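Worksheet: one structure, shown below.
In each ligand, atom 1 is the first atom listed, and ligand 1 is the first ligand listed. These numbers come from a predicted model, not from an experiment.
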Amino acid sequence: MLTVLKGRMIRVENGEVIENAIVATEDAAIVYAGEAEGYQIPEGANVVDVKDGTILPGFIDVHAHLTGHEDAGSFCHGRFFGDQLLGAAYQLSLLLSAGFTGIRDMSEAGLYLSRAVERGVLTGPRIVPGGRVLGITSGHIDTMPYMSKEDFNRENSLSYLIDGPDDCVRGVREQFRKGAKFIKICATGGVSSPTDRVDDVQFSPEELRAIVGEAKRHHTYVTAHCTGYEGAYQALLAGVECIEHGVMLTQREIDLMAEKKVPLVTTLWVSLNVANLPGFPDWMHAKAMLCAEANKKTVQMARKAGVKMALGTDFSNSRNTPYLKNGMEFEAMVQAGMTELEALQAGTINAAEIMRIPNLGLLKEGWIADIAVTDGNPLENISCLANAEHIPFVMANGKIVKNEL
Ligand SMILES: [Zn+2]
(Lines give C-alpha, C1' and ligand atoms only; values in the text may rest on other atoms or scores of the structure.)
Protein backbone atom coordinates (compact mmCIF):
# COMPACT_ATOMS: atom_id res chain seq x y z
CA MET A 1 0.00 0.00 0.00
CA LEU A 2 1.35 3.40 -1.02
CA THR A 3 0.69 6.23 1.42
CA VAL A 4 1.31 9.83 0.33
CA LEU A 5 1.55 12.61 2.93
CA LYS A 6 1.13 16.13 1.54
CA GLY A 7 2.12 19.31 3.33
CA ARG A 8 5.02 20.97 5.15
CA MET A 9 8.03 18.84 5.99
CA ILE A 10 11.22 19.61 7.87
CA ARG A 11 14.52 18.05 6.91
CA VAL A 12 15.72 17.52 10.45
CA GLU A 13 19.34 16.98 9.32
CA ASN A 14 19.70 20.63 8.25
CA GLY A 15 16.54 22.48 9.27
CA GLU A 16 15.32 22.98 5.70
CA VAL A 17 11.57 23.60 5.63
CA ILE A 18 9.72 22.48 2.50
CA GLU A 19 6.25 24.05 2.58
CA ASN A 20 4.87 22.06 -0.32
CA ALA A 21 6.27 18.60 0.20
CA ILE A 22 5.39 14.97 -0.37
CA VAL A 23 6.47 12.10 1.83
CA ALA A 24 5.49 8.79 0.25
CA THR A 25 5.83 5.39 1.90
CA GLU A 26 5.43 1.84 0.72
CA ASP A 27 5.53 -1.10 3.13
CA ALA A 28 8.04 -0.17 5.81
CA ALA A 29 10.11 2.29 3.75
CA ILE A 30 10.01 5.91 2.67
CA VAL A 31 10.04 5.93 -1.14
CA TYR A 32 10.02 9.71 -1.66
CA ALA A 33 10.59 12.76 0.57
CA GLY A 34 10.91 16.19 -1.02
CA GLU A 35 9.24 18.90 -3.10
CA ALA A 36 5.76 18.01 -4.29
CA GLU A 37 6.73 19.38 -7.67
CA GLY A 38 8.36 16.56 -9.55
CA TYR A 39 6.38 13.82 -7.83
CA GLN A 40 3.44 12.27 -9.64
CA ILE A 41 0.98 10.82 -7.13
CA PRO A 42 0.24 7.29 -8.37
CA GLU A 43 -3.34 6.25 -8.88
CA GLY A 44 -4.83 4.35 -5.94
CA ALA A 45 -2.44 5.87 -3.39
CA ASN A 46 -3.78 6.69 0.06
CA VAL A 47 -3.33 10.48 0.12
CA VAL A 48 -3.22 12.27 3.49
CA ASP A 49 -3.24 16.07 3.56
CA VAL A 50 -1.57 17.33 6.75
CA LYS A 51 -3.06 20.84 6.27
CA ASP A 52 -1.27 23.36 8.56
CA GLY A 53 0.71 20.59 10.17
CA THR A 54 4.30 19.44 9.71
CA ILE A 55 5.61 16.03 8.64
CA LEU A 56 8.51 14.85 10.81
CA PRO A 57 10.45 11.67 11.44
CA GLY A 58 8.85 9.69 14.31
CA PHE A 59 10.21 10.70 17.70
CA ILE A 60 12.62 8.51 19.65
CA ASP A 61 13.07 8.40 23.43
CA VAL A 62 16.36 6.76 24.34
CA HIS A 63 15.81 6.78 28.09
CA ALA A 64 12.56 4.93 28.70
CA HIS A 65 11.40 2.63 31.48
CA LEU A 66 8.48 0.38 30.58
CA THR A 67 7.35 -0.32 34.11
CA GLY A 68 3.63 -0.42 33.42
CA HIS A 69 2.91 2.02 36.22
CA GLU A 70 0.10 4.45 36.54
CA ASP A 71 1.06 5.92 39.93
CA ALA A 72 3.84 8.28 40.90
CA GLY A 73 6.31 7.03 43.44
CA SER A 74 5.30 3.40 43.37
CA PHE A 75 8.29 2.30 41.30
CA CYS A 76 8.06 -1.43 40.90
CA HIS A 77 6.85 -2.26 44.35
CA GLY A 78 3.89 -4.31 45.31
CA ARG A 79 2.64 -5.48 41.94
CA PHE A 80 2.88 -8.78 40.15
CA PHE A 81 5.24 -8.69 37.18
CA GLY A 82 2.44 -10.00 34.95
CA ASP A 83 0.36 -6.94 35.81
CA GLN A 84 3.28 -4.64 35.12
CA LEU A 85 3.97 -6.31 31.78
CA LEU A 86 0.35 -6.05 30.63
CA GLY A 87 0.18 -2.43 31.78
CA ALA A 88 3.32 -1.64 29.80
CA ALA A 89 1.96 -3.49 26.75
CA TYR A 90 -1.14 -1.32 26.82
CA GLN A 91 0.91 1.85 27.33
CA LEU A 92 2.83 1.30 24.08
CA SER A 93 -0.23 2.73 22.35
CA LEU A 94 0.11 5.94 24.40
CA LEU A 95 3.69 6.39 23.24
CA LEU A 96 2.65 5.93 19.63
CA SER A 97 -0.17 8.41 20.09
CA ALA A 98 2.38 11.00 21.27
CA GLY A 99 4.42 10.44 18.10
CA PHE A 100 7.07 8.22 19.69
CA THR A 101 7.83 5.43 17.26
CA GLY A 102 11.06 4.31 18.90
CA ILE A 103 12.34 3.85 22.44
CA ARG A 104 15.45 2.50 24.08
CA ASP A 105 14.16 0.83 27.19
CA MET A 106 15.69 -0.13 30.50
CA SER A 107 13.45 -2.65 32.28
CA GLU A 108 12.60 -6.34 32.32
CA ALA A 109 9.34 -5.77 30.45
CA GLY A 110 11.08 -4.12 27.48
CA LEU A 111 12.86 -7.39 26.65
CA TYR A 112 9.58 -9.18 25.97
CA LEU A 113 7.74 -6.19 24.51
CA SER A 114 10.55 -5.57 22.04
CA ARG A 115 10.17 -9.09 20.64
CA ALA A 116 6.35 -8.83 20.64
CA VAL A 117 6.48 -5.63 18.58
CA GLU A 118 9.06 -7.11 16.23
CA ARG A 119 6.93 -10.22 15.66
CA GLY A 120 3.81 -8.12 15.12
CA VAL A 121 2.07 -9.58 18.18
CA LEU A 122 1.76 -6.06 19.59
CA THR A 123 1.56 -2.67 17.91
CA GLY A 124 4.04 -0.30 19.47
CA PRO A 125 7.19 1.73 19.01
CA ARG A 126 10.31 -0.21 18.00
CA ILE A 127 12.09 -1.06 21.24
CA VAL A 128 15.82 -1.51 21.81
CA PRO A 129 15.89 -3.30 25.17
CA GLY A 130 18.65 -3.10 27.77
CA GLY A 131 17.05 -5.35 30.34
CA ARG A 132 17.29 -4.35 33.95
CA VAL A 133 19.44 -1.47 35.16
CA LEU A 134 22.56 -2.72 36.96
CA GLY A 135 23.68 -1.07 40.17
CA ILE A 136 25.44 -1.70 43.46
CA THR A 137 23.96 -2.68 46.80
CA SER A 138 23.11 0.56 48.65
CA GLY A 139 23.35 2.55 45.40
CA HIS A 140 20.92 4.46 43.19
CA ILE A 141 18.69 1.54 42.27
CA ASP A 142 18.68 -0.13 45.68
CA THR A 143 15.17 1.13 46.38
CA MET A 144 14.10 -1.76 48.62
CA PRO A 145 16.87 -1.98 51.24
CA TYR A 146 14.56 -3.87 53.59
CA MET A 147 14.78 -6.89 51.25
CA SER A 148 17.67 -9.31 50.88
CA LYS A 149 19.69 -8.85 47.71
CA GLU A 150 18.49 -12.24 46.46
CA ASP A 151 14.83 -11.31 46.97
CA PHE A 152 15.40 -7.92 45.34
CA ASN A 153 16.96 -9.48 42.26
CA ARG A 154 14.13 -11.97 42.01
CA GLU A 155 11.30 -9.44 42.53
CA ASN A 156 12.43 -6.15 40.99
CA SER A 157 11.61 -5.72 37.31
CA LEU A 158 13.53 -2.48 36.82
CA SER A 159 16.83 -3.04 38.59
CA TYR A 160 19.41 -5.69 39.39
CA LEU A 161 22.02 -5.50 42.17
CA ILE A 162 25.59 -6.65 41.50
CA ASP A 163 28.73 -6.38 43.62
CA GLY A 164 32.32 -7.26 42.75
CA PRO A 165 33.80 -7.94 39.29
CA ASP A 166 32.63 -11.58 39.02
CA ASP A 167 29.09 -10.70 40.02
CA CYS A 168 29.20 -7.81 37.52
CA VAL A 169 30.02 -10.19 34.67
CA ARG A 170 27.22 -12.49 35.82
CA GLY A 171 24.73 -9.59 36.01
CA VAL A 172 25.57 -8.47 32.49
CA ARG A 173 25.21 -12.02 31.17
CA GLU A 174 21.83 -12.36 32.90
CA GLN A 175 20.59 -9.41 30.81
CA PHE A 176 22.03 -10.79 27.56
CA ARG A 177 20.49 -14.15 28.37
CA LYS A 178 17.05 -12.58 28.06
CA GLY A 179 17.85 -10.56 24.95
CA ALA A 180 19.32 -7.24 26.11
CA LYS A 181 20.88 -5.28 23.25
CA PHE A 182 22.97 -2.96 25.46
CA ILE A 183 23.73 -2.59 29.18
CA LYS A 184 22.71 0.23 31.49
CA ILE A 185 24.51 0.80 34.77
CA CYS A 186 24.34 3.38 37.53
CA ALA A 187 27.76 4.97 37.84
CA THR A 188 26.71 7.58 40.42
CA GLY A 189 24.04 8.23 43.00
CA GLY A 190 20.81 9.88 42.03
CA VAL A 191 17.88 12.05 42.99
CA SER A 192 15.35 9.32 43.65
CA SER A 193 17.50 7.07 45.87
CA PRO A 194 17.22 7.37 49.62
CA THR A 195 20.62 6.09 50.78
CA ASP A 196 23.16 7.80 48.54
CA ARG A 197 24.33 11.28 47.55
CA VAL A 198 23.96 12.38 43.94
CA ASP A 199 27.75 12.64 43.67
CA ASP A 200 28.54 9.21 45.14
CA VAL A 201 30.72 7.10 42.87
CA GLN A 202 29.16 3.64 42.67
CA PHE A 203 31.09 0.94 40.81
CA SER A 204 34.84 0.54 41.40
CA PRO A 205 37.16 0.82 38.36
CA GLU A 206 37.61 -2.98 38.42
CA GLU A 207 33.85 -3.53 38.36
CA LEU A 208 33.41 -1.01 35.54
CA ARG A 209 36.09 -2.73 33.47
CA ALA A 210 34.42 -6.12 34.05
CA ILE A 211 31.05 -4.78 32.87
CA VAL A 212 32.39 -2.96 29.81
CA GLY A 213 34.56 -5.94 28.86
CA GLU A 214 31.61 -8.32 28.96
CA ALA A 215 29.44 -5.97 26.88
CA LYS A 216 32.24 -5.64 24.31
CA ARG A 217 32.56 -9.41 24.03
CA HIS A 218 28.86 -9.35 23.06
CA HIS A 219 29.57 -6.67 20.44
CA THR A 220 27.64 -4.04 22.29
CA TYR A 221 28.14 -1.21 24.75
CA VAL A 222 27.43 0.15 28.21
CA THR A 223 25.57 3.35 29.03
CA ALA A 224 25.81 4.95 32.46
CA HIS A 225 23.39 6.87 34.63
CA CYS A 226 25.49 9.80 35.84
CA THR A 227 24.27 12.56 38.10
CA GLY A 228 27.58 13.43 39.77
CA TYR A 229 30.77 14.02 37.80
CA GLU A 230 33.44 11.78 39.33
CA GLY A 231 31.50 8.59 38.63
CA ALA A 232 30.97 9.80 35.06
CA TYR A 233 34.70 10.39 34.67
CA GLN A 234 35.58 6.90 35.90
CA ALA A 235 32.89 5.36 33.67
CA LEU A 236 34.29 7.18 30.63
CA LEU A 237 37.82 6.01 31.45
CA ALA A 238 36.52 2.43 31.66
CA GLY A 239 35.04 2.66 28.16
CA VAL A 240 31.35 3.46 28.75
CA GLU A 241 29.99 4.69 25.39
CA CYS A 242 26.95 6.76 26.41
CA ILE A 243 26.09 9.01 29.38
CA GLU A 244 22.56 9.43 30.76
CA HIS A 245 21.40 12.63 32.51
CA GLY A 246 24.90 14.13 32.95
CA VAL A 247 23.46 16.58 35.44
CA MET A 248 26.65 17.78 37.13
CA LEU A 249 29.32 17.06 34.53
CA THR A 250 32.36 19.33 34.59
CA GLN A 251 34.49 20.49 31.67
CA ARG A 252 36.82 17.51 32.22
CA GLU A 253 34.09 14.94 31.50
CA ILE A 254 32.56 17.01 28.69
CA ASP A 255 35.95 17.25 26.95
CA LEU A 256 36.51 13.54 27.32
CA MET A 257 33.06 12.84 25.86
CA ALA A 258 33.76 15.13 22.90
CA GLU A 259 37.12 13.41 22.32
CA LYS A 260 35.65 9.89 22.53
CA LYS A 261 32.44 10.88 20.67
CA VAL A 262 30.30 9.77 23.59
CA PRO A 263 26.76 11.18 23.35
CA LEU A 264 24.76 12.68 26.20
CA VAL A 265 21.18 11.54 26.76
CA THR A 266 19.53 14.45 28.54
CA THR A 267 16.42 13.98 30.64
CA LEU A 268 15.72 17.66 31.09
CA TRP A 269 12.02 17.76 31.78
CA VAL A 270 12.56 15.67 34.87
CA SER A 271 15.66 17.66 35.88
CA LEU A 272 13.93 21.01 35.54
CA ASN A 273 10.61 20.01 37.06
CA VAL A 274 11.03 17.35 39.73
CA ALA A 275 11.70 19.96 42.41
CA ASN A 276 8.28 21.52 41.73
CA LEU A 277 6.25 18.33 41.65
CA PRO A 278 3.97 17.41 44.52
CA GLY A 279 4.11 14.15 46.43
CA PHE A 280 7.86 13.62 46.86
CA PRO A 281 9.67 13.41 50.21
CA ASP A 282 11.72 16.42 51.43
CA TRP A 283 15.08 14.70 50.90
CA MET A 284 14.23 14.17 47.23
CA HIS A 285 13.12 17.77 46.84
CA ALA A 286 16.45 19.04 48.20
CA LYS A 287 18.43 16.81 45.81
CA ALA A 288 16.26 17.88 42.87
CA MET A 289 16.77 21.61 43.52
CA LEU A 290 20.53 21.09 43.23
CA CYS A 291 20.13 19.36 39.88
CA ALA A 292 17.93 21.74 37.91
CA GLU A 293 20.46 24.59 37.75
CA ALA A 294 23.45 22.31 37.27
CA ASN A 295 21.80 20.51 34.35
CA LYS A 296 21.15 23.74 32.40
CA LYS A 297 24.88 24.48 32.66
CA THR A 298 25.99 21.04 31.47
CA VAL A 299 23.71 21.30 28.43
CA GLN A 300 25.39 24.55 27.43
CA MET A 301 28.86 23.06 27.99
CA ALA A 302 27.97 20.00 25.91
CA ARG A 303 26.63 22.18 23.05
CA LYS A 304 29.82 24.24 23.01
CA ALA A 305 32.06 21.18 23.02
CA GLY A 306 30.11 19.55 20.20
CA VAL A 307 28.88 16.60 22.27
CA LYS A 308 25.90 15.01 20.53
CA MET A 309 22.75 15.22 22.60
CA ALA A 310 19.82 12.83 22.39
CA LEU A 311 16.35 12.93 23.86
CA GLY A 312 15.50 10.86 26.92
CA THR A 313 12.51 11.28 29.19
CA ASP A 314 12.88 8.87 32.13
CA PHE A 315 9.06 8.87 32.03
CA SER A 316 7.19 5.82 33.32
CA ASN A 317 3.58 6.92 32.73
CA SER A 318 3.21 7.97 36.34
CA ARG A 319 0.80 10.79 37.18
CA ASN A 320 3.67 13.27 36.78
CA THR A 321 5.24 11.63 33.74
CA PRO A 322 2.42 10.58 31.38
CA TYR A 323 3.43 8.96 28.11
CA LEU A 324 0.93 11.11 26.20
CA LYS A 325 3.16 14.05 27.13
CA ASN A 326 6.57 12.49 26.45
CA GLY A 327 7.12 15.33 23.98
CA MET A 328 7.41 17.80 26.85
CA GLU A 329 11.08 16.83 26.72
CA PHE A 330 11.40 18.82 23.46
CA GLU A 331 10.07 21.89 25.30
CA ALA A 332 12.42 21.33 28.23
CA MET A 333 15.40 21.22 25.87
CA VAL A 334 14.46 24.61 24.46
CA GLN A 335 13.92 25.94 27.99
CA ALA A 336 17.45 24.77 28.81
CA GLY A 337 18.85 26.83 25.91
CA MET A 338 18.89 24.46 22.94
CA THR A 339 17.44 25.68 19.65
CA GLU A 340 14.20 24.19 18.33
CA LEU A 341 16.16 22.43 15.56
CA GLU A 342 18.68 21.02 18.04
CA ALA A 343 15.81 19.64 20.13
CA LEU A 344 14.26 18.06 17.02
CA GLN A 345 17.58 16.49 16.05
CA ALA A 346 18.02 15.19 19.60
CA GLY A 347 14.65 13.43 19.43
CA THR A 348 15.09 11.97 15.94
CA ILE A 349 18.42 11.44 14.18
CA ASN A 350 20.68 11.71 17.26
CA ALA A 351 18.48 9.31 19.21
CA ALA A 352 18.36 6.96 16.20
CA GLU A 353 22.18 6.79 16.24
CA ILE A 354 22.02 5.65 19.87
CA MET A 355 19.40 3.03 18.92
CA ARG A 356 22.12 1.80 16.48
CA ILE A 357 19.49 1.06 13.85
CA PRO A 358 20.59 2.13 10.36
CA ASN A 359 18.35 4.33 8.17
CA LEU A 360 16.24 5.50 11.11
CA GLY A 361 15.44 9.05 12.20
CA LEU A 362 15.19 11.09 8.99
CA LEU A 363 12.69 11.60 6.16
CA LYS A 364 14.75 10.21 3.31
CA GLU A 365 14.22 7.85 0.44
CA GLY A 366 15.02 4.28 1.49
CA TRP A 367 14.80 5.09 5.19
CA ILE A 368 12.43 3.45 7.68
CA ALA A 369 8.85 4.76 7.49
CA ASP A 370 8.49 5.99 11.10
CA ILE A 371 6.64 9.30 10.84
CA ALA A 372 4.91 11.78 13.15
CA VAL A 373 2.77 14.72 12.04
CA THR A 374 2.27 17.68 14.38
CA ASP A 375 -0.47 20.30 13.97
CA GLY A 376 1.97 23.27 13.98
CA ASN A 377 5.51 24.19 12.97
CA PRO A 378 7.90 23.08 15.73
CA LEU A 379 10.65 25.43 14.54
CA GLU A 380 8.30 28.32 15.42
CA ASN A 381 6.62 26.74 18.43
CA ILE A 382 8.20 23.69 19.99
CA SER A 383 5.11 23.15 22.17
CA CYS A 384 3.32 21.55 19.24
CA LEU A 385 5.39 18.41 20.00
CA ALA A 386 4.58 18.33 23.70
CA ASN A 387 1.28 16.53 23.81
CA ALA A 388 -0.47 13.74 21.91
CA GLU A 389 -3.36 16.15 21.29
CA HIS A 390 -1.12 18.01 18.85
CA ILE A 391 -0.08 14.85 17.00
CA PRO A 392 -2.88 13.93 14.56
CA PHE A 393 -1.02 11.30 12.52
CA VAL A 394 1.56 8.63 13.30
CA MET A 395 3.09 5.91 11.16
CA ALA A 396 5.21 3.15 12.70
CA ASN A 397 7.25 0.85 10.46
CA GLY A 398 5.07 1.83 7.49
CA LYS A 399 1.77 1.16 9.27
CA ILE A 400 -0.64 4.01 10.07
CA VAL A 401 -1.24 3.73 13.82
CA LYS A 402 -3.03 7.09 14.35
CA ASN A 403 -4.93 9.19 11.85
CA GLU A 404 -7.12 12.06 12.93
CA LEU A 405 -6.62 14.03 9.71
ZN1 LIG B 1 16.09 6.32 34.23
Side-chain angles (χ1 to χ4, degrees), residues 60-69 72-77 84 88 91 95 100 102-111 113 127-136 139-144 156-161 175 180-194 196 198 200 202-203 222-228 231-232 235 240 242-249 263-274 277 280 284 287-288 291-292 295 298 309-318 320-323 325-326 328-329 332-333 346-347 351 354-355:
I60 301 168
D61 174 0
V62 281
H63 190 123
H65 298 290
L66 290 171
T67 56
H69 288 162
S74 65
F75 296 100
C76 285
H77 310 186
Q84 294 173 32
Q91 289 162 8
L95 289 164
F100 282 80
I103 60 172
R104 188 181 59 152
D105 177 69
M106 302 134 191
S107 75
E108 176 92 11
L111 296 161
L113 295 173
I127 302 168
V128 173
R132 295 198 225 172
V133 178
L134 304 178
I136 61 164
H140 178 51
I141 56 158
D142 192 356
T143 48
M144 300 191 283
N156 196 297
S157 65
L158 184 59
S159 312
Y160 198 83
L161 299 174
Q175 308 316 307
K181 297 285 188 279
F182 70 100
I183 295 296
K184 154 98 181 279
I185 62 165
C186 290
T188 78
V191 172
S192 61
S193 37
D196 59 12
V198 291
D200 276 0
Q202 306 219 305
F203 288 105
V222 178
T223 188
H225 155 106
C226 296
T227 307
V240 159
C242 185
I243 299 287
E244 312 289 315
H245 318 296
V247 175
M248 292 174 173
L249 299 178
L264 175 62
V265 176
T266 61
T267 50
L268 282 162
W269 191 90
V270 168
S271 273
L272 302 185
N273 290 285
V274 163
L277 294 176
F280 288 121
M284 204 195 281
K287 280 174 151 186
C291 289
N295 209 165
T298 53
M309 277 183 282
L311 181 150
T313 62
D314 222 349
F315 279 23
S316 55
N317 203 46
S318 68
N320 292 321
T321 63
Y323 282 167
K325 295 186 179 177
N326 250 36
M328 292 194 297
E329 186 63 25
M333 287 179 153
I354 291 177
M355 299 277 273

*For the Zn ion (ligand 1), the closest N/O/S atom belonging to H63*: NE2
*Which N/O/S atom belongs to D314 and is the closest one to the Zn ion (ligand 1)?*
OD1
*Within the side chain of R132, is there an N or O that forms a donor-acceptor pair under 3.5 Å with the backbone of N156?*
yes
*Determine yes or no for a side-chain-to-main-chain donor-acceptor pair under 3.5 angstrom, with N295 supplying the side chain and S271 the backbone.*
no
_So that I can check it, does any N, O or S atom in H225 come closer than 2.8 Å to the Zn ion (ligand 1)?_
no
*State whether a side-chain donor-acceptor pair under 3.5 Å links D105 with H65.*
no
*salt bridge (Lys or Arg N to Asp or Glu O under 4.0 Å) with E244: which residues, sequence neighbours excluded?*
R104
